[in-house]
Amino acid sequence: MSTTALPDQGRPSAEVLAELQRFGVDDPRYKEGRLWSLVYYLDEDHAGFQAQAYEAYSSANGLNPTAFKSLKRFESEIIAGVADMLHGSPDVCGVVTSGGTESCLLAVKTYRDLARSRGVTRPEMVLPPTAHVAWFKASEYFGVKVRLLPLDGKLRADATRLPRLLNRNTVMVLGSAPEYPHGSIDPIEELGAVAARHGVPLHVDACVGGFILPFMEMNGHPLPLWDYRVPGVTSISADIHKYGFAAKGASTITYRNLDYLRHQMFVYEDWPGGVFASPALLGTRPGGAYAAAWAAMQHFGKSGYRDLARRTMQAFDAIRRGIEGMPALHILGEPSGPLLGYGSRDPDVNIFAVGDQMDARGWNINRLQRPDGLHAMITAGHLAVVDDYLRDLQDAVAAVKADPALARSGSAATYGLMSHVPLRGMVRSKVLDLFAQMYRAGGQGVDLHAAPAAADGLGSRGNALVQRLAQWYVQRRQRRQGRR
Ligand SMILES: Cc1ncc(COP(=O)(O)O)c(C=O)c1O
């Protein structure tokens, strides 16, 4: 059967479902704790519970909040629960969004429009380089120029350098709790004091931390203040589909009060389809995601989330201690949990080669750049595999130390190359070409998992997209050298 065209005749649902299941055979083994990003998985019971909640409202549409009163009720109760969790006053308000990226995009649109209402025409925002990439995407989408706030020695935003980056075009400042690459919490109290003094909004990106830091604190874990208790904080994004353990498609953005949120709203009164108002980015808003998110929050409650936070931090502490005990490795920055990054401090141990060795042992681990490193987004589900992970990491380091040439093969060569290629504009345009190929009509014909030609000396392992980029870069360099 062709997999490229709509079938002429429909197929029985059982047959379709069986095939759909088979599509997943090569997906990451997240149920066994082998994947360290992307998925927040507990067990089949919880997955089944979420699927039932989702299914009950999978056709419902939150586009018009007056139509499905059920969905508006889910949304109101979710926002009230989040406001409480983040120590907000009764004025805190917000909306449920489809994910962290939508929440971040909305914050930028809101603050740009708030500033526009005050006459700002060339909007700028201040971000640390560790801000999630969604903020750089928002910069492009909404035409808000980024000013980068340098990091301190612990890879946190350096609040002392903030004042000189602010000017009358600044529409917002961003801090993360925690940031994605290294799990550090930016100094929100210090950033908030500067932002408040200059009358600039401060958004806290707690997409990762929103549903775990409050419960770590309740468990007695010492943490700096980062939520609405900090006077300068004007809005917070917190994802339910991450450490809230809801089905995919659920985040929140809350604001200190309606004076901010009203700039997020879109109203068009002259549309022939009727007067139209929308609180967020999407038109149709998926009812199933709201229902599942509400269900997860009701199911866990504070006690359940505290228990998850306790187990997560047990796994986090064990992994952190294990890595600290390996002389060749070091933790990047000062992670507060639940995620961390680590690099090599031994010149004979290439960290990307260690990543390759971990891949070969069946783990699925993200790579970091600037500085080079490996990444672990740790969940309670990983508690069961901590010992295996650390044993394999130790073996992986030993294997690389015994054979430093591994740094010049496999994906280590390509990751190393790509993170240090100086021509970022060329890298960007090449990535764009490759993505365009993937998404052109019939783009599934592009096999990104195919090994690049052996002649490139890059091997066949690792991220094929990165390999293709590196292959292009090497060939380009060779062509240029040939011309000289
Ligand atoms: C700090 C932070 N912000 C925003 C996002 C974007 O979230 P999403 O992938 O749900 O769009 C992420 C994702 O990991 C994140 O770590």
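For ligands, and for the atoms within them, numbers begin at 1 and follow the listed sequence.
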Heavy atoms of Pro150 and Leu165 approach each other most closely as CD-CD1, 4.3 Å

Between Lys242, His132, Met377, flag the one that comes closest to atom 8 (P) of ligand 1 by a heavy atom. Lys242

Do any pairs count as a salt bridge (charged side-chain N to carboxylate O under 4.0 Å, His left out) and have a residue in residues 204-216, sequence neighbours left out, and if so which ones? none

Under 4.0 Å, heavy-atom basis, I'd like to know which part of Ala134 is in contact with ligand 1: side chain, backbone, both or neither. neither

If you measure from the Lys or Arg side-chain nitrogens to the Asp or Glu carboxylate oxygens, is any gap between Asp113 and Arg262 under 4.0 Å? no

Determine whether the aromatic ring centres of residues Tyr290 and Phe74 are separated by less than 6.0 angstrom. no

Does this structure show an ion pair linking Glu75 with Lys72, if we count only N-O contacts that are shorter than 4.0 Å? yes

So for ligand 1, is Gly99 a polar contact partner (N or O within less than 3.5 Å, distance only)? no

Under 4.0 Å from a heavy atom of Asp239: give me the atoms of ligand 1 that qualify, with their elements. 7 (O), 10 (O)

Is it the side chain, the backbone, both or neither of Thr101 that has a heavy atom closer than 4.0 Å to ligand 1? both

One finds that the ligand 1 atoms under 4.0 Å from a non-hydrogen atom of Cys207 are 2 (C), 3 (N), 4 (C)

Which of the atoms of ligand 1 are close to Gly100, meaning less than 4.0 Å from one of its heavy atoms? 6 (C), 7 (O), 8 (P), 10 (O), 11 (O)

When the aromatic ring centroids of Tyr40 and His46 are compared, is their separation below 6.0 Å? no

Per-atom contacts, ligand 1 versus Tyr180 - under 4.0 Å to a heavy atom: 14 (O), 16 (O)

Arg321 and Asp317: salt bridge (charged side-chain N to carboxylate O under 4.0 Å, His left out), yes or no, with the steps? CA-CA 6 Å; Arg321 268 197 312 274; Asp317 288 339; 5.0 Å; no

Any salt bridge linking Lys31 with Glu44? Criterion: basic side-chain nitrogen under 4.0 Å from a carboxylate oxygen. yes

Once you restrict to heavy atoms under 4.0 Å, what part of Glu102 touches ligand 1? Side chain, backbone, both or neither. neither

Numbered atoms of ligand 1 (with element) below 4.0 Å of Val208, judged on heavy atoms: 15 (C), 16 (O)

protein heavy-atom neighbour closest to atom 3 (N) of ligand 1 works out as Asp205 OD2, 2.7 Å

